[in-house]
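Taking it in order: structure first as structure tokens, then the write-up.
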Amino acid sequence: MTGVTLSSADLDVRRRRILFRCWHRGIREMDLVFGQFADNELSTLPEADLDEFERIMAEEDNDLVRWVMGTLPVPAHLDTPLFARLASYKPDFEEVTAALLGKAE
């Protein structure tokens, strides 16, 4: 969960660009969510889903992290099956934080 696992070698230019952007969001939490989603689903997303995914990626990271974590309700324009799939890739950040602080069991 530390970085790209999908090779961009077999991806078209658009998907390569999206993959890079997914792992370089600016907020590590969003790197993990978007990056894992891209690693697992990017190569098979149809063009319409790619369009929607790029619209989601255009949102501000600070807003996205709150919507994904559930601290703010997802706005109507993002309340879609694709966004729900994307949000399902969020790691258990409490577990990650505990491990980083040396409190993991």
Side-chain angles (χ1 to χ4, degrees):
M1 201 168 28
T2 59
V4 179
T5 59
L6 174 67
S7 170
S8 63
D10 296 325
L11 297 178
D12 59 64
V13 173
R14 181 182 188 192
R15 284 180 170 81
R16 286 180 192 167
R17 181 176 33 85
I18 291 170
L19 179 62
F20 181 86
R21 289 176 51 207
C22 286
W23 280 108
H24 297 86
R25 297 293 306 170
I27 294 178
R28 187 63 180 153
E29 292 84 354
M30 289 295 86
D31 290 352
L32 295 172
V33 173
F34 278 80
Q36 289 180 80
F37 176 83
D39 282 355
N40 290 310
E41 300 199 28
L42 186 61
S43 62
T44 60
L45 283 179
E47 292 296 317
D49 284 350
L50 285 177
D51 293 340
E52 181 181 346
F53 189 42
E54 287 185 310
R55 285 191 297 273
I56 293 169
M57 290 176 60
E59 299 285 341
E60 291 292 325
D61 278 335
N62 288 320
D63 293 331
L64 282 166
V65 75
R66 289 178 181 102
W67 297 327
V68 167
M69 298 303 293
T71 57
L72 285 179
V74 177
H77 73 282
L78 293 180
D79 195 8
T80 66
L82 183 66
F83 187 85
R85 275 190 6 235
L86 173 68
S88 75
Y89 281 87
K90 72 177 179 205
D92 182 350
F93 289 113
E94 289 182 22
E95 184 178 307
V96 171
T97 301
L100 288 173
L101 297 175
K103 298 178 182 177
E105 296 180 15

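Residues: numbered from 1 along the sequence shown.
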In one Ile/Leu/Val/Met/Phe/Trp/Tyr side-chain cluster, 4.5 Å: Phe20, Leu64
no
Donor-acceptor pair, Arg25 side chain versus Met57 backbone, under 3.5 Å?
yes
Atom pair CD/CG of Glu54 and Asp49 - distance to nearest 0.5 Å
11.5 Å
Residue Glu60 excluded, over 12 heavy atoms near CD under 6.0 Å
no
When you measure from the side chain of Arg16 to the backbone N and O of Leu11, does any donor-acceptor pair fall under 3.5 Å?
yes
Find out whether Pro75 and Trp67 are in side-chain contact, i.e. whether some heavy atom of one side chain is under 4.5 Å from a heavy atom of the other.
yes
Could you tell me whether Arg15 and Glu47 make a salt bridge, using a distance below 4.0 angstrom between a side-chain N and a carboxylate O?
yes
Looking at Leu42, Leu19, Ile56, which hits side chain to side chain contact (heavy atoms under 4.5 Å, CB included) with Phe34?
Ile56
Any heavy-atom pair between the side chains of Leu45 and Leu82 that's under 4.5 Å?
yes
Check side chain to side chain donor-acceptor pair (under 3.5 Å) between Thr80 and all other residues, then give those that pass, not counting sequence neighbours.
Glu52
Does the side chain of Glu41 come within less than 4.5 Å of Tyr89's, by heavy atoms?
yes
To the nearest 0.5 Å, how far apart are CG in Leu32 and CH2 in Trp23?
5.5 Å
Before you tell me yes or no, could you show the steps for Glu29 and Met69 under side-chain contact (heavy atoms from CB on, under 4.5 Å), namely the whole-Å CA-CA distance, both residues' side-chain angles and the distance that decides it to 0.1 Å?
CA-CA 10 Å; Glu29 292 84 354; Met69 298 303 293; over 6 Å; no
Just verifying a value: how many Å separate Asn62 CG and Met30 CE, rounded to the nearest 0.5 Å?
10.0 Å
Reported CG-to-CG distance for the pair Leu86 and Leu78, which is rounded to 0.5 angstrom
9.5 Å
For Val68 against Lys90, the heavy-atom pair lying closest together:
O-NZ, 3.4 Å
Between CZ on residue Arg55 and NE2 on residue His77, distance to nearest 0.5 Å
9.5 Å
